[in-house]
Each structure stands twice: as C-alpha cells, then as structure tokens.
Amino acid sequence: MNFRRFQITAPWPLVWTVTGLFLLLRSIVAVVRLAVFAVRHWRAWPLVALVLLAIDGYRSHGWWPHLLVLLVAAAGGGVWWWKGRESFHHLVALRAVTVWRRLWVYRRQWHEVMSLCGLVKKYDGGEVVPRLLSVRCSYATDELVVRMPKGQNPEVYHKAARDLAYSFGTRHCRVFSGRRQAPPARTGRLAWLLRLVDRVRFRDRPRHVWLVFIRRDPLTRVVAPLPVPARPDFTALPLGVREDLAVYCLRLLATHVLIGGATRMGKGSVIWSLLRSLAAGIRSGLVRVWAIDPKGGMELSIGRALFSRYVDDDWTRMADLLDDAVARMRARQQALRGKVRVHTPSVDEPLIVVVIDEIAALLAFLPDSDIRHRITQALGLLLTQGAGLGVLVVAATQDPRKEVVSVRDFFPTRIALGLTERAHVDLLLGDGARDRGALADQIPTSAKGVAYVLLDGQPEPARVRFSYLPDDVIRDMAATFPAPPETQPEPIDVPAPAKPVRSSGNGRHVYRPTPPKQAAPLLPPSLLNALDLNTTNGSDPR
C-alpha cells in the first residue's frame, strides 16, 4: 500500500500492528480449516501416507519395491479371500468399491446431475448445490448421505427419485428422510462413554436425506424357504429378503395384517411364509391358527394339519368361527382388565391368529345378507379390540377399495403386492405412498412375491420379496409341525333367574295363577263366523 499519496502523516506503528493481527488471524483460520479437513477425511490418512512412502521408495530404489509389495499384497489378499471370504468382502472389497463409486460415479458428475434434476437452489446470484457427505456401498446398494440446501425438504427428492436413479445409471432410487440404522446397544465398562458418542453420531439431522441406489436387483431370483425358528419371535418374524439383502422381519405382536395384490401375484407366499415362521409355536401350542378359505380350500387345505380350526365350505360355520374368536377375546378382556395392556402369549393362553385367504368374499360378495352382517360385525370387533388381547387377523384381498373391504382402515400393517391400478397403492399403503416410492402397480407378473411394505419408524416404503414354498414343502411342514387338538371350552349352564313372588302387602304371599298363553291372537267373532261357515247358502266350511 502506498501511504505517501495520502496528505496526512501515516501512523506507521498502528498500520503495521493492524496488518500483523489481520495476517495472524487469517493464518489461524487457515490452520483450523486444514485441521477440520484432516479430521473429517481421516480415512484418507493411510492412503496419503502410502502414496508418500511409494514416492520416496521410487526415488531411492526404483520400481522393484513396488512390484514386490504388489505381489505380496495380492498373495495375502488371495489367502484372506480363501480363508475368510466374508471379512475380506466387508473390509477390503466393499471399501474399494465405495472409494471407486464415490469418486468416479458420484463426485465426477454430482453438480451436473443435481442441476439437471432441479435440485440446485439459486441464491444471491450464485448456486447452492446439495452436499454429498458420504457414500457407503453394499453388495447390492449404494447409500448416499446428502445435506439439503436451505429451502428444500425430502418431498423434492421423492419426486426426483427416478430422475436421480437413471442419471447415475441405476433403475431404482429410494429416498429416506431419517437414519436407516438404529443406535447399537452398548454393554460393558465403557458403555456410558460409547452411549455419549452415539448420542452425537445418531442425533436427529432434519437437513440430511439418505439416497439408496439399487445397483443390482437381488429380488429377481426366487427366495427359498427360510429356516423355521426354534421359538417364534412375534416382534421379528423372518418372511423374506429386502432389496438391500437384509432379512425382512414382520412384527406380528399386537397388530393386524392386510395383504393386497392382484390374482397370481404371491398372496399365498406371504401367508405360507408367515405360517412357516410360526410353525414351531403352532406345534408347541403357543400359537393357534384359525383358518378360513372362502375359495373352497384351494389355497389353505394343503396345510390343514397346521390349523387348530379350519372352515372352507360353509358360510354359517365361518361366521360361527369369527363369533367364537370374539367370545375368546371377550373372555380375555375379563381376565386381563386392570392387569396388563398387551397380552403375552403362553401355552395356556396362546396367540390366536385368524387367517382369511379372501376377505372380500365375506364382506362384499356373500349372498346371504344376514351372515354377511354377522361376519362384518365380528371382524369389526376383532380388528378394533383384539390386537392387544392376542386375537389377530391376517387377511388377503385382491381389491383394497373401501366399498369392497369395508374394514380396511382397521389394519395397522399392510403389504402391497403387485396391483392393477395406481390408486390401489395409496388405498392400501396410505396417502402419498406411491409418490414416496411404492410402485406396486409396476411390479411385473414374473416377480411374484415382490411387495412394498412399511418398516417400523420409517414413512418410506421398502421393497421385499417373500419366500416361495412349493406344495411338497407345505405338506412336509404340516406333517412336521401339526397343531395340537383344539380344546373347546365347556359351556357353562347358567340357571334361569327365579321369578319374583308377588306379595299382598302384609307380609303374606298370595298365589295368583298365570293365565295360559294363547297360541295366536284372537279374531273378532264376526270375522270368525265369516271364515268358518257361510250359513246363508249352506256351503262347506272354508
């Protein structure tokens, strides 16, 4: 700075002091930013050290050390892959895929894709781009954590999900507004410290959104029957495989399940997968399955031994079965009132699961209106009161419309298989489910058993495929895990209440005989004469 152009005497000590403080402050800010950058990218420290060591070795000894190190690393990696393939894939292969896809697939074209998909905000003459925080690859998916600019919400990313998927070279993109992993359960001496760290790591971040790109679809293959649990966990029953290769577990405790899907789209796979996960409890008496098959037994009769009660040919008996379930629910209400709020299954008081293969046949297409009214009333009571009492309903339907399934809104848990119309998706999974990624109307007919479900704690639907059980497997399962005989409660003879005895007022009982009941109401004599005989012409009685 040329201070001589000023016509005043420059205070040189003050100028140099301010300039020095300014440069010192800028240096401190630069050092702090460098430290924050180094800490944030701590995973890159080994790579940087390796590159510096490689450069120093090349200057000192040439290419021979590098070639020798590569041969040793390749031999060690081969032995590691041979002996511990799972750990090698987790620690080496997936990390290498993560680094490659983060740099080449996402970082390289991030700004271009965000701009073309309409996710870049304009502010103060510049652009604010969503920030890519991390990338984590699995065998089938890429999970990206993105921080949204101010002025955006996750609905914008839900609408742009398909554009993002095709822009990055995939076909499916799932958008989640909350963290997909729950904090781990910490035990041990340092558990309190780890919980404090987890409280910071897993804190709520409203401006973060999780994008999951399906790199390869693992649901194209048929899922084999899963192993039968030794004791069923009613909070996590394994039924199939999710698109991220995790096992899909259904929470059956204190809920009712509605399965919706077009014909031949895999509703039977859901029902038999559920029964397979309950098989050990069925054999021990911990679970009682009452089955109704309005289709004449074409679906459920093959596993008849698994059911404690089964009806497929009589509408009256179906209504009686549901009435018995309501009676069992009422009895438990009397026993558990004021003690607990949720029933705990036991052998003496088992979990009762009422399975209905086609509920629309009972609620909408039953020819007898009286029986249909009985069934509707019984199902309404079970769905509104039976969840906490251990009397659950698992029903399947082809048409989820309210005029067909009038009790649809009373099912807390719903599963959407392949549907025929777009509107059926929102009717089954809730308003806006299709916009959040539940494309159940686009499931091809070849993908039987593929469905969209809602996971606990996540408003976004997940895509799963339920296991397929052939007829031979079902027969073998029914023979291996038969249900014990159903013990019907003995009817209790309630004595008729005694009629009150009339008193004369002075303490003495007065006997007054009851007049006999007449079989039919009497007619006036004039009508009787006219009906009995016609005396005017002497004809025979009518």
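Interatomic distance, Tyr248 OH to Ile415 CD1, rounded to the nearest 0.5 Å: 4.5 Å. Taken to the nearest 0.5 Å, the CZ atom of Arg341 stands 13.0 Å off from the CG atom of Leu389.
Salt-bridge check for Asp399 with Arg408: failed, with every basic side-chain N at 4.0 Å or more from each acidic carboxylate O. Salt bridge absent: Lys159 and Asp435 never bring a charged side-chain N and a carboxylate O closer than 4.0 Å. Ion pairing of Arg215 with Asp142 is present here, as a side-chain N (NZ or NE/NH1/NH2) and a carboxylate O approach within less than 4.0 Å. Between Asp409 and Lys402 there is a salt bridge, with a side-chain nitrogen of the basic residue lying less than 4.0 Å from a carboxylate oxygen of the acidic one. Checked for salt-bridge contact, Arg179 and Asp204 miss the test: no charged N lies under 4.0 Å from a carboxylate O. Looking at Asp198 and Arg186, a side-chain N of the basic residue comes within less than 4.0 Å of a carboxylate O on the acidic one, giving a salt bridge.
Annotation for Lys267 and Gly261: closest pair NZ-O, 3.2 Å, computed over non-hydrogen atoms.
In this structure a side-chain-to-backbone donor-acceptor pair under 3.5 Å is present from His256 to Val393. Although no hydrogens or angles enter the test, the distance criterion places a donor-acceptor pair under 3.5 Å between the side chain of Arg108 and the main chain of Trp104. With Arg414 contributing its side chain and Leu428 its backbone, the two residues share a donor-acceptor pair below 3.5 Å.
Side-chain contact check for Trp210 and Glu460: no donor-acceptor pair (N or O, by modelled atom type) lies under 3.5 Å. Donor-acceptor pairing under 3.5 Å is recorded for the side chains of Glu127 and His111.
Scored by the side-chain contact (heavy atoms from CB on, under 4.5 Å) test, Pro46 finds no partners at all (sequence neighbours excluded).
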Distance-only check: which donor-acceptor pairs under 3.5 Å involve side-chain atoms of residues 19-38, not counting sequence neighbours?
residue: Thr19; atom: OG1; partner: Val15; partner atom: O; Å: 2.8
residue: Ser27; atom: OG; partner: Leu23; partner atom: O; Å: 2.8

Go through the steps for Leu275 and Val289 under the test side chain to side chain contact (heavy atoms under 4.5 Å, CB included), then give the verdict.
-> CA-CA 9 Å; Leu275 294 175; Val289 180; 4.0 Å; yes

